[in-house]
Structure formats: structure tokens, C-alpha cells
Amino acid sequence: MKKILVTGGLGFIGSHTVVELQNEGYEVVIIDNLSNTTISVLDSIVSITGITPTFANIDLRNQKAVGDFFDNHTIDGVIHFAAFKAVGESVGSPLSYYQNNLNTLIYLLQELTVRKIDNFIFSSSCTVYGQADSLPITEKEPVKPAESPYGYSKQAGEIILRDSCKASELNAISLRYFNPIGAHPSIKIGELPLGVPQNLIPYITQTAAGLRGELSVFGDDYPTKDGTAVRDYIHVVDLAKAHISALARLMHKENKSNYEFFNVGSGTGSSVLEVIKAFEKASGKPLRYKIVGRREGDVTAAYADTTLANKELKWKTTLSLDDALASAWKWQLAQEK
Ligand code: UFG
């Protein structure tokens with residue numbers, strides 16, 4: 001049985017990926033410092049799959065602890081989610097973003113290269129494209145100056161990986177996520193935003209649940225079909241499965257070069273108003289919202305061309321925006337209980 005380390009494995013995307021890995025017969029070891037999640041997610045994973053993953057509460061900024069971990073575990077591959085991810089927060093705390101998102105990556109890669117662990121999957125983001133010149137976005141689209149330290153930390157992470165792959169036996173894949181949303185069909189794991197949600201879907205579900213007064217729609221004067229910004233929302237279960245496909249590609253040595261990157265989205269662009277309408281349909285609840293000014297740093301439109309991922313990863317999405325919104329709403333209702 002292949003043993004996979006999942007850093008940030010109790011987070012939103014990490015926990016869904018752990019479930020899919022276990023379903024595929026991998027043995028999973030999770031490292032998480034619980035900075036943006038709770039230990040109860042571990043129990044939820046066990047209740048979905050019936051398998052208890054090994055769990056280590058390690059802060060990956062502690063280089064010695066990272067070394068000690070690898071001394072005690074024989075690992076076949078790593079999926080690295082652990083990172084700070086709030087765009088706005090990163091503007092106010094650039095150093096903690098660079099320290100957390102880059103040092104942790106470097107410490108892991110140092111251990112991997114010394115120990116000849118060759119398989120590495122990195123959580124990257126469509127934010128690396130900024131406002132792309134053409135849509136849908138293919139992997140040929142150039143990387144643009146980032147809008148935030150968070151965005152730069154993802155760009156730098158990709159460069160660190162590319163160069164490390166060039167200089168060693170390491171094989172790595174960066175997955176450039178579009179907008180992950182939704183919850184596991186069991187409604188046992190989902191997104192757990194701390195405080196006021198910054199992202200659209202948790203803000204919508206909390207508003208519908210009465211926890212927030214109304215949603216602010218950031219801008220209706222974009223050059224899009226209805227004036228609101230367009231994004232590519234992908235069900236988190238589909239996104240989790242892309243990691244399984246990417247890992248299999250590395251394990252079976254099907255990768256075409258030792259550093260590759262793929263867009264992982266649904267391939268469909270939806271405006272904020274379309275998402276609101278779809279949510280109202282999926283939940284049966286009207287949503288209170290008002291139009292306000294644009295949010296700084298937002299791009300007009302971003303959605304993926306997924307041709308490369310479909311072909312090379314032998315992966316495609318199977319769940320719709322409606323499925324994702326229905327699961328997000330059920331998850332919100334479950335939180336109240
Ligand atoms: N939006 C609102 N009101 C809100 C929240 C969001 O109108 O209360 C709008 C945004 O302006 C945007 C869309 O909903 O047009 C989606 O916003 P999110 O904050 O949910 O997602 P982003 O596209 O801004 O950010 C996501 C990830 C980031 C990543 C980025 C890359 O959260 O980690 O995609 O584009 F960097």
C-alpha cells in the first residue's frame with residue numbers, strides 16, 4: 001500500500017482529498033497544525049471512510065519537526081495543501097504569508113530530495129494568471145504580476161518547484177485551482193470559514209441561514225454578460241479527484257516532464273448573479289443581496305480551459321454548479337445543528 005503524506009489534510013480541500021485517497025486504497029498520513037480547522041474533521045473523515053489516517057499535529061515552519069517526521073515515516077508521495085489562503089489578509093501580513101507558504105514548501109522539498117521521495121503535488125491557484133488576455137484560460141496563458149502576497153506566494157511556490165525538479169529527481173505537478181466550493185455528499189466535511197467569510201459561497205449560505213444580513217455583490221459594471229464578475233466554480237469533490245489522477249500520473253511515471261502544471265476548474269464561467277439564482281433554486285430560499293462597488297484586486301472574469309487536464313490526467317468533472325450549491329447549503333444547515 002502506497003503511503004501518501006497530505007499536509008493541511010484537515011482543511012477544506014485537504015479533507016476531501018484524504019477521503020478520495022482512502023477510497024482509492026492509499027494509506028494516508030496527515031500533517032496539520034489546526035491553524036484554520038478543527039480536529040473534529042479527523043473523526044468526520046473516519047466516519048465517511050471507516051479508515052483512521054495517521055495524524056501528526058506539526059507546524060511545517062518548524063524545520064526540525066519536519067525532519068523528525070520523515071525520520072519516522074516512509075512516504076511514497078506528498079500532496080501539499082498546508083498554506084495561508086486569505087488574499088486580503090496577505091496584503092496586511094506579507095511576511096507571515098511568505099514565511100508560511102514558502103518556508104514550509106522549502107523544508108518539505110529539502111527532505112524529499114535528500115530522502116529520494118519523488119512524487120509531489122502542489123496546491124496552486126488560477127490567481128497566477130491575473131486578468132488573463134483570453135478566455136477560457138489555457139496553461140499557455142502567461143503568469144501575470146500578482147495582486148497580493150498570497151498570489152506571489154503561489155507563483156514563487158511554482159518557481160521553487162520547477163527549479164527543484166530541474167536540479168533533482170523530483171517529479172512535481174502544480175494544480176492551478178479555480179474556485180472550489182461545495183461539500184462532501186455525506187455532509188460530514190465541508191468548508192469551515194473562520195469569522196466573516198471572504199468567499200462568495202460561504203457568504204451566501206450564511207446569509208440564507210440568517211447569520212449575515214445580506215450579501216454584498218462586488219460590482220455590477222464589469223464587461224460581462226450581466227455586469228457581475230465571472231468565475232469558474234468547481235465542486236470540491238471533483239477537485240479532490242484531480243489530485244488522485246495527478247498522483248497516479250506520477251506513480252505510474254506517465255508524466256511528460258518532471259515539472260508539470262494543470263488548470264483544474266469546471267470549464268464554465270458563472271457570474272455572481274447567476275450563482276445567486278442557482279443558489280436560490282438549489283436551496284429554495286430567496287437571498288437578500290445588494291450591489292456595492294467593486295472589491296479591490298478582483299479580476300473581471302476567470303474560467304478554465306480544462307482540455308489539458310482532461311487529456312493528460314484522464315480526469316473530468318462530474319458534478320454541476322447546482323450539485324455544489326445544494327451540498328454547500330446542506331452543509332450550512334448541518335452546521336447549525
Ligand atoms: N463576491 C461578492 N461578494 C462577496 C464575496 C465575493 O460579490 O461577499 C464576488 C467576488 O467579487 C468575485 C466572486 O464573488 O467576483 C468570487 O469571489 P471569491 O472571494 O469567492 O473568490 P475569488 O475568485 O476572489 O478568489 C478565489 C480564491 C483565491 C484565489 C482566487 C483566484 O478564494 O484563493 O480565487 O482568482 F486566489
Side-chain angles (χ1 to χ4, degrees), residues 11-13 15-17 19-20 37-38 40-41 43-45 47-48 177-222 224-241 264-295 298 301-304 316-337:
F12 176 42
I13 309 171
S15 58
H16 288 81
T17 303
V19 167
E20 298 305 323
T37 186
T38 67
S40 64
V41 175
D43 298 331
S44 304
I45 290 170
S47 84
I48 294 169
Y177 310 153
F178 283 69
N179 291 50
I181 61 165
H184 193 265
S186 66
I187 314 299
K188 289 180 174 170
I189 52 174
E191 198 170 2
L192 284 170
L194 289 180
V196 181
Q198 304 300 308
N199 295 116
L200 180 63
I201 306 309
Y203 207 103
I204 286 179
T205 59
Q206 291 195 8
T207 303
L211 301 173
R212 313 270 157 216
E214 63 186 343
L215 171 76
S216 294
V217 174
F218 298 137
D220 69 346
D221 57 350
Y222 285 104
T224 60
K225 43 195 157 184
D226 59 22
T228 62
V230 168
R231 295 288 182 276
D232 180 333
Y233 299 92
I234 175 170
H235 197 301
V236 65
V237 172
D238 278 330
L239 176 58
K241 287 179 177 168
V264 187
S266 71
T268 303
S270 305
S271 72
V272 176
L273 290 178
E274 284 174 333
V275 171
I276 292 172
K277 280 199 199 87
F279 173 79
E280 290 179 328
K281 193 167 138 244
S283 66
K285 295 207 47 138
L287 190 80
R288 285 170 61 91
Y289 68 89
K290 63 168 187 254
I291 309 285
V292 300
R294 292 182 181 193
R295 182 172 68 177
D298 272 348
Y303 52 96
K316 61 178 177 29
T317 56
T318 60
L319 299 163
S320 66
L321 177 65
D322 293 351
D323 294 329
L325 292 171
S327 67
W329 177 234
K330 282 191 199 150
W331 169 251
Q332 179 64 49
L333 295 175
Q335 298 322 293
E336 287 163 40
K337 284 186 202 133

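In this text the structure is predicted, and so the values were computed from the model without any measurement.
- Between the side chain of W331 and the main chain of E191, a donor-acceptor pair closer than 3.5 Å is present.
- With sequence neighbours left out, S44 forms a side chain to side chain contact (heavy atoms under 4.5 Å, CB included) with K188, I189.
- Side-chain contact between V272 and L200 is present, with at least one heavy-atom pair separated by less than 4.5 Å.
- To the nearest 0.5 Å, atom OG1 of residue T317 and atom OH of residue Y233 are 16.0 Å apart.
- The two residues G267 and D232 come nearest to each other via the heavy atoms N-OD2, 2.9 Å.
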Step by step, would you call S40 with D43 a side chain to side chain donor-acceptor pair (under 3.5 Å)?
CA-CA 5 Å; S40 64; D43 298 331; over 6 Å; no
Apply side-chain contact (heavy atoms from CB on, under 4.5 Å) to residues L325 and K281 and explain how you reach the verdict.
CA-CA 9 Å; L325 292 171; K281 193 167 138 244; over 6 Å; no
Derivation and outcome, salt bridge (charged side-chain N to carboxylate O under 4.0 Å, His left out), residues D298 and R231
CA-CA 10 Å; D298 272 348; R231 295 288 182 276; 3.8 Å; yes
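- The pair D238-K241 does not meet the salt-bridge criterion, since no charged nitrogen lies less than 4.0 angstrom from a carboxylate oxygen.
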How far apart are the C-alpha atoms of V237 and H184, what are their side-chain angles, what is the distance that settles it, and do they pass the side-chain contact (heavy atoms from CB on, under 4.5 Å) test?
CA-CA 7 Å; V237 172; H184 193 265; 4.3 Å; yes
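- The shortest heavy-atom contact between A240 and E20 is CB-CG, 3.9 Å.
- A 6.0 Å sphere centred on CZ of F218 holds more than 12 heavy atoms belonging to other residues, nucleotides or ligands.
- Judged by a 6.0 Å distance limit and a 45° cone about the ring axis, R294 is positioned over the six-membered ring of Y222.
- Rounded to the nearest 0.5 angstrom, N179 CG and N199 CG are separated by 7.5 Å.
- For V292 against S216, the heavy-atom pair with the smallest separation is CG2-CB, 3.7 Å.
- Residue I234 holds its CD1 atom at 9.5 Å from CZ of F178, rounded to the nearest 0.5 Å.
- Between atom NZ of residue K330 and atom OG of residue S186 there is a gap of 10.5 Å, rounded to the nearest 0.5 Å.
- Atom CG of D220 is separated from atom CG of L273 by 7.5 Å, given to the nearest 0.5 angstrom.
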Please determine whether side-chain contact (heavy atoms from CB on, under 4.5 Å) holds for the pair F12 and T37, giving the CA-CA distance in whole Å, both sets of side-chain angles, and the decisive distance to 0.1 Å.
CA-CA 8 Å; F12 176 42; T37 186; over 6 Å; no
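- Looking at E274 and S271, their side chains come closer than 4.5 Å, going by heavy atoms from C-beta outward.
- Considering only heavy atoms from C-beta on, I276 comes within 4.5 Å of V217 through its side chain.
- Between H235 and D323 there is a side-chain heavy-atom pair separated by less than 4.5 Å.
- Taking each heavy atom of L239 and P180 in turn, the nearest pair found is CD2-CB, 3.5 Å.
- F279 contributes atom CZ, which lies 11.0 Å from atom CD1 of I181 (distance to the nearest 0.5 angstrom).
- Listed by first and then second residue, the salt bridge (Lys or Arg N to Asp or Glu O under 4.0 Å) pairs involving residues 209-218 are E214-K290 (not counting sequence neighbours).
- Proximity of a side-chain donor or acceptor of Q332 to a complementary backbone N or O of W329 within less than 3.5 Å is not detected.
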Could you please spell out the steps behind the side chain to side chain donor-acceptor pair (under 3.5 Å) verdict for D226 and T228?
CA-CA 6 Å; D226 59 22; T228 62; 2.7 Å; yes
Derivation and outcome, side-chain contact (heavy atoms from CB on, under 4.5 Å), residues T268 and L321:
CA-CA 9 Å; T268 303; L321 177 65; over 6 Å; no
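- Residues L192 and Q335 form a side-chain contact, since some pair of their non-hydrogen atoms from C-beta on lies under 4.5 Å apart.
- Smallest separation of non-hydrogen atoms from P202 and P193: CB-CG, 3.7 Å.
- Heavy atoms only, all atoms of each residue included: I204 and L287 are closest at O-CD1, 3.5 Å.
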